[in-house]
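Data block below; observations after.
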Amino acid sequence: MGGTGRAGSVQRNQPGTTTLPHTSLRGQGNLGNDSEPPFGRASGGLSQNDLPIPIDAVPDPLVVFDSEGIIRGANRLLGQLLGYKSSDLIGQQVEILFPDADRAAHRSIRRSLLARSDDAAPTLHREVFARQRQGSLVPVEMSMMRVPTGIGIMFTASMRDSSRHVEIEKALTEAVDEADAANVAKSRFLGTMSHELRTPLNAIIGFSEMIQHETLGPMPHEKYADYVKTIGVSARHLLDLINELIDLSLIEDNNLRLKLERCDLKEILRECRSVIEPRARSEKLKIRVLLPKDNVNHPVDPQRLRQVLLNLLSNAVKFTDAGGTITLALWRDATGVKIQVADTGTGIAPAVLENIFELYVRSEAKRNVTAGGLGIGLHVSKRLTEAMGGTIGVESELGRGTTVTLSFPPTTATPANER
């Protein structure tokens, strides 16, 4: 086999040295005299001169077998992986290295490779189980290829132990399962909290309003009116925070369900003005509502749209000084429907503005600390708007105010949870 061999064949470069066509078999060198000969001397084995492949130089466990599936050689790494000596394997069917259920498939792959021409024979990569001598199974990444030689067609199968990969995959699966279980527990907790906290809070709010309105008679001291008002405001604030947390949980768990219907958007904006106007008046703020003459009907979830607009209006009231103006506007153009909330308030710093819709992002202004909030409202508003098929954008300048615009396309929207 001197000189240059044909394409795809094993090439001898010098006595005891070979060049192999498979990338995992590239290497040169003589077998060490202190190692067990990888081709053995048992019946059916080949000498190093018959098949000059320095397989002990291969960095992965390797077995060499002929077209009949008879093992002709194996390196030390294969013996270490599967618990065999090379001499024990010589003359055995290569299928003994695989589970009973996989042996027929292995024979079929070998025959398929054998039927191809030299140039068309690919290297096959498979994730399989190899069978150890004592019967245990080891997950391996196997690369199998046909190697034409001077003494006939041979096959090589290199095996890389993938037990570590399997362990990592198992650990990741367990981590995902634990995270899913934690999400279920969180959802159950929030569901319980929704009932256990909202129910008494609604009672506190209802009774505080009755006392404030002196439904059953006058209060004995004028200071009580201030106290009752504080109780009502604090309870409503706490209820808003709880509702935001519950909505966030539904959104993050993809359990939020929207019901889109064609609604009169002008009417929804009027309702929002009615809700926010008393609070704005108490802060000495002016509310302007700009509505078109024609009706503007569009598919939205009316309850969720009110929630988004009231959150934006509440923020505008929080961050606008007495004497300022808050504008609520609606219009339709060629790009769709627009709803805008603008104020003449303190504005948002540029560093905060670029991440304003991210979860838990709040303005760094001292006023935001006193105004309260968890930094959830704008994130929830963005997610709700997107779930209704719209987008939300914000423009702001420190000391001049903030404008938030909801945009809905002219086509009929589909809830995100139904897409």
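Side chain of R306 to main chain of C272: no donor-acceptor pair is present (N/O by atom type, distance under 3.5 Å, no hydrogens or angles). Side-chain N or O atoms of R400 include none that pairs as donor or acceptor with a backbone N or O of G347 at under 3.5 Å. The backbone N or O of S381 lies less than 3.5 Å from a partner atom in the side chain of T385, making a donor-acceptor pair. Of the possible donor and acceptor atoms, one in the side chain of T344 sits under 3.5 Å from a partner among the backbone N and O of T325. Remark: side-chain polar atoms of E358 are not paired, donor with acceptor, to backbone N or O of H379 under 3.5 angstrom. A donor-acceptor pair under 3.5 Å links the side-chain atoms of S162 to the main chain of P139, judged by distance alone. In this structure, the side chain of H213 does not engage the main chain of T215 through any donor-acceptor pair within 3.5 Å. E283 places no side-chain N or O within donor-acceptor distance of the main-chain N or O of K318, the cut-off being under 3.5 Å. Remark: side-chain polar atoms of N311 are not paired, donor with acceptor, to backbone N or O of Q307 under 3.5 angstrom. A donor-acceptor contact shorter than 3.5 Å links the side chain of N75 to the backbone of D60.
Contact record, S208 with G232: OG-CA, 3.6 Å, taken as the closest heavy-atom pair. The shortest heavy-atom contact between L89 and A74 is CD1-CB, 3.9 Å. Nearest heavy atom pair, residue D264 against residue N297, reads CA-OD1, 3.3 Å.
Between R236 and E209, the closest side-chain pair of non-hydrogen atoms falls below 4.5 Å.
Atoms CZ and CG, on R72 and D66 in that order, are 4.0 Å from each other to the nearest 0.5 Å.
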